[in-house]
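Residue numbering restarts at 1 for every chain, and letters A, B, ... go by the order of the sequence lines. Worth knowing before you read on, the calculation uses all heavy atoms, side chains too, and leaves out hydrogens, waters and symmetry mates.
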Amino acid sequence: MSLTADDVKKIAHLARLGIDEHDIEAYANDLSNMLNLMVQMGRSNTDGIEPMAHPMDQAQRLRADEVTEHDLHEQFQAIAPQVEAGLYLVPKVIE
Amino acid sequence: MHNKTIIELAKGLRAGEFTSVELTQSFLNRIKQHETLNAYITVTEELALQAAKAADLKLANGDADLLTGIPIAQKDIFCTRGVKTSCGSKMLDNFVAPYNATVVKKLNDAGAVMLGKLNMDEFAMGSSNENSYYGAVKNPWDQAAVPGGSSGGSAAAVAARLAICVTGTDTGGSIRQPASHCGITGLKPTYGRVSRYGMIAYASSLDQGGPMARSAEDTAILLQAMAGFDPKDSTGVDCPAPNYLESLNKGLDGLTIGLPKEFFGDGLDSGVAAVVEAAVKEYQKLGATVKDISIPNLNLAIPAYYVIASAECSANLSRFDGVRFGYRCKDPVDLTDLYVRSRGEAFGKEVKRRILMGTYALSAGYYDAYYLKAQKVRRLITEDFKRVLQEVDVIMGPVAPSVAFAIGEKINNPIEMYLSDIYTIAINLAGLPAMSIPAGFVQDKPVGLHIIGNYFAEDRLLNIAHQYQKITGWHEKSPKGFE
């Protein structure tokens, strides 16, 4: 299995992850090596095996639908890059 | 004072031999003196002295806990209210956590004195601590060598006596491997034993916080304070924690130790193998019997781990978008540019590698072949362990294939770095508890013995480790210059 520079660009776009142009070849090479490691799993027979997501096979726990958190928005927004009137600011999305 | 155990210090504090303020100041001085190790990212001197004063008051009032007034430190992955929580990343270099992780709250409530936040691989991704935005940590035993990772600052701090005990986290070996490389005791609890609330997520189905200290006894005391069900952690398991100190003194007569042949195959350094074999012989003297066992699917652990961990990391790290907290790039032209450049400028190479890998494994058309397949393989590996643990009480072997390698030796070869996690990774996939305890030296560098137990058998592991530490002195050795 090997990935091309174009594959890497596509994946980086999906992840919204900026990568330097001159690093793309190295990433393609590293990811291809990782994939070659991963294809080893293909040798195992997993027919009829249930996928495992939690070591104790515990399902998502539910709780009563009650308010347990206080409003801490001022505290949370104090560490935000840009805030105005309780709103997070980002570059204009709609012209 | 820095070579005493928690129980000795607790006695000294109660007998008035020294105060917590004095004890804390002596550790703050040591941290300054050994700054070049780079074990700490942030030293919280003022807060520590305040906490020490409060601890002295508690001690005077007689309502103190064993940990009250004891200087500890937190891995910088645990959120600490009002204190920078960087996770070893440029992304969170400006992040002051607005709340405490449950582990932090519990240790604060116990009266422990936090000295600061410890260096680590960025977002806990790495086995050498070289992936930190704040630079590599040096191994106190050999300053040209890595301390291991990702809890490298944690392990180095304990080995160099820059804290009595510390927290770490273990997703693929990140408590045990640095504990092994730095000659200290580290325990990765059963998945779900210690709350993950406020512990910055890397791979949520594998991450587990745990204690690191010099001895099993100190580790037991710290685990007692950290463990317990937390409704704020939706993956936590509601299973009451026993009294870990009480279980330390049981005898080992009748203990059955399993030695998996896959742990002693090609790639294991002969010196490390000899240390592990000698440790197992000590256990036989203590009444244990040994059985040869097999974990046939162990060779699939590394591929399955790197699919699952990368996939989960790519999802978890999508929250770092430059909008609500953390790093934001300068003058973004539009929203996509804001995301792409903020993430591109603030994440390091290894983190990017894993985000890319995980994004690929989860992308349309590849999910079944990678993530789903890896989750099935995960069950195969887990079943191997469950079967074996019906025949033996614990499994023993090496923690890492060699002693600590040189800084820079493997940094440009990620696959080689991944392969060095072969013995630890499978344990995270199965969710089992495991320890590394100091068992000897090869070329003057420490070697850890890996002890793996059944689900929620942390008490048994600590007991087994303590009995060994009663008849050996490896855990008491200190690196030159740090005595």
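Using a 4.5 Å heavy-atom cutoff, the side chains of A:L37 and B:L419 are in contact. In this structure the side chain of A:D7 never reaches within 4.5 angstrom of the side chain of B:Y360, judged on heavy atoms. Side-chain contact check for B:S234 versus A:R63: every heavy-atom pair is 4.5 Å or farther apart. Counting only heavy atoms from C-beta outward, the side chains of A:P91 and B:D337 never approach each other to under 4.5 Å. Side-chain atoms of B:Y418 and A:M34, non-hydrogen and from C-beta on, do get closer than 4.5 Å to each other. For the pair A:P55/B:R378, a side-chain contact is recorded, criterion being any heavy-atom separation below 4.5 Å from C-beta on.
For the pair B:S205 and A:A53, the tightest heavy-atom approach, listed with the atom from each and the gap, is CB-O, 3.3 Å. Of all non-hydrogen atoms in A:P81 and B:G326, the two that sit nearest each other are CG-O, 4.0 Å. Nearest heavy-atom pair across A:R61 and B:P231 is NH2-O, 3.3 Å. Contact between A:M41 and B:Y370 at its shortest, heavy atoms only, is CE-O, 4.0 Å.
In this structure, chain A has a heavy atom under 4.5 Å from the side chain of B:L338, while its backbone stays farther away. Proximity to chain A is absent for every atom of B:Y327, based on heavy atoms less than 4.5 angstrom apart. Proximity to chain B (any heavy atom under 4.5 Å) is shown, for A:D47, by neither the backbone nor the side chain. Proximity to chain A (any heavy atom under 4.5 Å) is restricted, for B:T190, to the side chain, taken from C-beta onward. Using a 4.5 Å cut-off between heavy atoms, B:A430 touches chain A through its backbone atoms (N, CA, C, O) alone. For B:A97, no part lies under 4.5 angstrom from a heavy atom of chain A. Within the 4.5 angstrom heavy-atom criterion, only side-chain atoms of B:P414, from C-beta onward, approach chain A. Contact annotation for A:L89: only backbone heavy atoms (N, CA, C, O) come within less than 4.5 Å of a heavy atom of chain B. With a 4.5 Å cut-off on non-hydrogen atoms, B:F456 touches chain A through its side chain but not through its backbone. Proximity to chain A is absent for every atom of B:Y371, based on heavy atoms less than 4.5 angstrom apart. Interface remark: B:S314 contributes no atoms to any contact with chain A (heavy atom separation under 4.5 Å). Using a 4.5 Å cut-off between heavy atoms, A:M38 touches chain B through backbone and side chain atoms alike. Residue contact with chain A, scored on non-hydrogen atoms closer than 4.5 Å, involves the backbone of B:D233 exclusively. In this structure, chain A has a heavy atom under 4.5 Å from the side chain of B:S310, while its backbone stays farther away.
Counting heavy-atom pairs under 4.5 Å between each of B:N299, B:D321, B:D334, B:V323 and chain A puts B:V323 at the top. The greatest number of non-hydrogen atom pairs below 4.5 Å with chain B, out of A:V83, A:L31, A:N36, is found for A:L31. Ranked by heavy-atom pairs under 4.5 Å with chain A, the list B:T336, B:I355, B:L335 is led by B:L335. Interface remark: of the candidates A:V8, A:I19, A:L35, A:L35 forms the most heavy-atom pairs closer than 4.5 Å to chain B. In terms of heavy-atom pairs under 4.5 Å with chain B, the best-connected choice from A:A78, A:P51, A:A80 is A:P51.
A 6.0 Å sphere centred on NZ of B:K84 holds more than 12 heavy atoms belonging to other residues, nucleotides or ligands. Under a cut-off of 6.0 angstrom, the local environment of CD in A:Q40 is crowded, with over 12 non-hydrogen atoms contributed by other residues, nucleotides or ligands. With a 6.0 Å radius and a threshold of 12 heavy atoms from other residues, nucleotides or ligands, B:K105 has its NZ atom at or below the threshold. For NE2 of A:H70, the number of neighbouring non-hydrogen atoms (other residues, nucleotides, ligands) closer than 6.0 Å is 12 at most.
Here A:D57 pairs with B:R379 in a salt bridge; the nearest charged N to carboxylate O distance falls below 4.0 Å.
Side chain of B:K352 to main chain of A:G18: a donor-acceptor pair is present (N/O by atom type, distance under 3.5 Å, no hydrogens or angles). Distance alone, capped at 3.5 Å, places no donor-acceptor pair between the A:R16 side chain and the B:V340 backbone. B:R324 places no side-chain N or O within donor-acceptor distance of the main-chain N or O of A:I79, the cut-off being under 3.5 Å.
In this structure, CD1 on A:I11 lies 7.5 Å from CE on B:M357, to the nearest 0.5 angstrom. Here the CE atom belonging to A:M52 is positioned 10.5 Å from the CG atom belonging to B:L380, to the nearest 0.5 angstrom. One distance of note links CG of A:D20 with NZ of B:K349; it measures 8.0 Å at 0.5 Å rounding. The distance from atom CZ of B:R353 to atom CG of A:N33, rounded to the nearest 0.5 Å, is 10.0 Å. Considering NZ of A:K10 and CG of B:L356, their distance stands at 13.5 Å, rounded to 0.5 Å. Between the CZ atom of B:F325 and the OH atom of A:Y88 there is a distance of 8.5 Å, given to the nearest 0.5 Å.
In this model, no donor atom of one side chain and acceptor atom of the other lie less than 3.5 Å apart for A:Q58 and B:T235.
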